[in-house]
Amino acid sequence: MKTDRSINVKKIISTVILFFCSIAFLLPFIWMLSTSLKIEADVFKYPIEWIPSRWNGISNYQEVWFGDQPFYIYYWNSIKVAMSTTIISATVSALAAYGFSKVRFPAGAWLFLIVLATYMVPPQASLVPQFILFRYMGIFDTHFGLILLGSFSVLGTFMLRQFFLGIHNDFIDAAKIDGAGHWRIFWQIALPIVRPAVATYAILRFIWTWNDYQNPLIFLRTDALYTIQLAMQKFTTLNGSFHTLIMAAAVSAILPLLIVFVLGQKHVIDGIALGGVKG
């Protein structure tokens, strides 16, 4: 009984500590959201008004979304680039991971090592060759070029390969006996088993692409093609003295990430659980 009580006390203490830690992490976001709903004169009012006494949220968000720098255009650009990149990258990484884990071919292990070695090359080192190549191919300053940059991931291939290795080969051999080829085995047997892992990688890929600032900065020149990160930089430069507008833009920029995480957290948990199960 004493042991059970001591365990319960430890759980309560841990829960309380984690609760206050979570509040501390959420405070900047709460302040940002609160500021986006205020008038400019109340931003630095002391003590802080967490719930604004004078609301101006509708006007602030209207200026962000439909003002001189309309965010709905940049939102559409980011959604198009992030969704396309995520779908292509998850598909290609899953196919490559299955090939390296379940398909036997000459020098397969060496080829995988070569692919893995490319991850040691800093992305900044390949920017100039990519820039020259894209100009030569005519896909510079296009969303297609930007999508192409993120559609092939060594990290995604390596991560998913580890999950495909956890699938027992008896499943693959049984399917081969029934006359199934690798294409059918991948789509109908292997992929459903590792679906939580693929979903986890897709969520991470979406977040990385949405937050990407370097590639759009280098490979986009036309204002109408800007993604949300470039739009944020431009918006901050033009409205640096208006903190309410900047906070409204920041809330708008991170909202899709919160939605994706809330909707996909179950898949992330399932992916972590799948990683702890051996085939």
Side-chain angles (χ1 to χ4, degrees), residues 77-127 129-131 133-134 137-140 142-167 171-172 175 180-212 214-216 218-220 227 256-257 260 264 267-268 270-272 274-275:
N77 292 339
S78 284
I79 290 174
K80 179 171 66 173
V81 171
M83 289 297 296
S84 301
T85 301
T86 299
I87 294 172
I88 297 174
S89 181
T91 303
V92 172
S93 296
L95 287 168
Y98 175 81
F100 283 123
S101 60
K102 296 302 179 183
V103 180
R104 299 182 182 88
F105 57 94
W110 287 103
L111 182 59
F112 178 71
L113 288 176
I114 293 174
V115 172
L116 200 59
T118 61
Y119 191 65
M120 294 186 292
V121 179
Q124 294 78 8
S126 60
L127 286 177
Q130 288 173 343
F131 182 87
L133 182 63
F134 278 32
M137 295 174 62
I139 57 176
F140 176 76
T142 65
H143 284 158
F144 175 74
L146 203 59
I147 293 170
L148 194 63
L149 284 171
S151 295
F152 307 96
S153 171
V154 177
L155 179 60
T157 301
F158 173 75
M159 185 182 82
L160 295 181
R161 177 180 176 271
Q162 303 307 113
F163 287 94
F164 278 109
L165 287 173
I167 300 176
F171 292 105
I172 310 299
H182 280 296
W183 187 253
R184 185 178 178 184
I185 293 173
F186 171 78
W187 288 108
Q188 296 186 3
I189 298 176
L191 188 60
I193 294 176
V194 301
R195 183 169 53 188
V198 176
T200 301
Y201 170 70
I203 293 171
L204 294 175
R205 180 77 265 178
F206 182 89
I207 294 174
W208 293 334
T209 306
W210 184 272
N211 287 330
D212 186 20
Q214 177 180 276
N215 287 330
I218 295 174
F219 293 97
L220 294 180
T227 59
L257 301 182
V260 168
H267 296 290
V268 174
D270 290 343
I272 295 173
L274 180 63

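Computation of the quantities below employed the complete heavy-atom set of this structure, encompassing side-chain atoms and omitting hydrogens, waters and symmetry-equivalent molecules.
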*Asks:* Please check this pair: side chain of Thr209 against backbone of Phe206, looking for a donor-acceptor N/O pair closer than 3.5 Å.
*Replies:* no

*Asks:* Checking the side chain of Thr142 only, and the main-chain atoms of Ile139 only, is there a donor and an acceptor separated by less than 3.5 Å?
*Replies:* yes

*Asks:* Run Thr86 and Ile203 through side chain to side chain contact (heavy atoms under 4.5 Å, CB included) and show every step you take.
*Replies:* CA-CA 8 Å; Thr86 299; Ile203 293 171; over 6 Å; no

*Asks:* Taking the six-membered ring for Trp, are the ring centroids of Phe158 and Tyr119 within less than 6.0 Å of each other?
*Replies:*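 That pair fails the under 6.0 Å test.
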
*Asks:* Trp208 and Leu155: side chain to side chain contact (heavy atoms under 4.5 Å, CB included), yes or no, with the steps?
*Replies:* CA-CA 12 Å; Trp208 293 334; Leu155 179 60; 3.7 Å; yes

*Asks:* Minimum heavy-atom separation for Val198 to Ala90, with atom names?
*Replies:* CG1-CB, 4.3 Å

*Asks:* For Ala190, is there any backbone N or O sitting under 3.5 Å from a side-chain donor or acceptor partner on Lys102?
*Replies:*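 No; judged by distance alone, with no hydrogens or angles, the pair does not exist.
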
*Asks:* Report the distance from atom CZ of Phe100 to atom CG of Leu160, rounding to the nearest 0.5 Å.
*Replies:*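 Spacing of CZ (Phe100) from CG (Leu160) equals 12.5 Å.
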
*Asks:* Can you tell me how far CD1 of Ile218 sits from CZ of Phe134, rounded to the nearest 0.5 angstrom?
*Replies:*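 Interatomic distance, Phe134 CZ to Ile218 CD1, rounded to 0.5 Å: 11.5 Å.
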
*Asks:* Just verifying a value: how many Å separate Ile87 CD1 and Ser89 OG, rounded to the nearest 0.5 Å?
*Replies:* 11.0 Å

*Asks:* Answer with yes or no whether the side chains of Tyr201 and Ser153 bring together a donor and an acceptor at under 3.5 Å.
*Replies:* yes

*Asks:* So with a 6.0 Å cut-off around CZ of Phe144, is the heavy-atom count from everything else above 12?
*Replies:*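 Counting other residues, nucleotides and ligands, CZ of Phe144 stays at 12 neighbours or fewer.
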
*Asks:* Looking at every heavy atom in both Phe105 and Gly99, which two are closest together, and how far apart are they?
*Replies:*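 So the minimum-distance heavy-atom pair works out to CE2-O, 3.7 Å.
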
*Asks:* Within this structure, what is the CG-OG distance for the pair Leu165 and Ser101, rounded to the nearest 0.5 Å?
*Replies:* 5.0 Å

*Asks:* Go through it in stages, so that I can follow the logic: the residues are Phe219 and Leu127, the test is side chain to side chain contact (heavy atoms under 4.5 Å, CB included), and I'd like the CA-CA distance, side-chain angles, deciding distance and then a yes or no.
*Replies:* CA-CA 10 Å; Phe219 293 97; Leu127 286 177; 4.1 Å; yes

*Asks:* For residues Thr118 and Val154, report the shortest heavy-atom separation together with the two atoms involved.
*Replies:*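 In terms of heavy atoms, the two residues are closest at OG1-CG2, 3.4 Å.
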
*Asks:* Hey, what do you get for CZ (Arg205) to OG (Ser151), rounding to the nearest 0.5 Å?
*Replies:*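 It comes to 8.5 Å.
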
*Asks:* Under the criterion side-chain contact (heavy atoms from CB on, under 4.5 Å), which of Asp212, Asn211, Leu146, Ile79 is the partner of Thr227?
*Replies:*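 Option passing the side-chain contact (heavy atoms from CB on, under 4.5 Å) with Thr227: Leu146.
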
*Asks:* Quick one: CG on Leu133 to OG on Ser126, what's the gap to the nearest 0.5 Å?
*Replies:* 11.0 Å

*Asks:* Does a side-chain heavy-atom distance below 4.5 Å link Arg195 with Leu191?
*Replies:* no

*Asks:* Please report the C-alpha distance between Tyr98 and Ile185 in whole Å, then the side-chain angles of each, then the deciding distance to 0.1 Å, and finally whether the side chain to side chain contact (heavy atoms under 4.5 Å, CB included) criterion is met.
*Replies:* CA-CA 10 Å; Tyr98 175 81; Ile185 293 173; 3.3 Å; yes

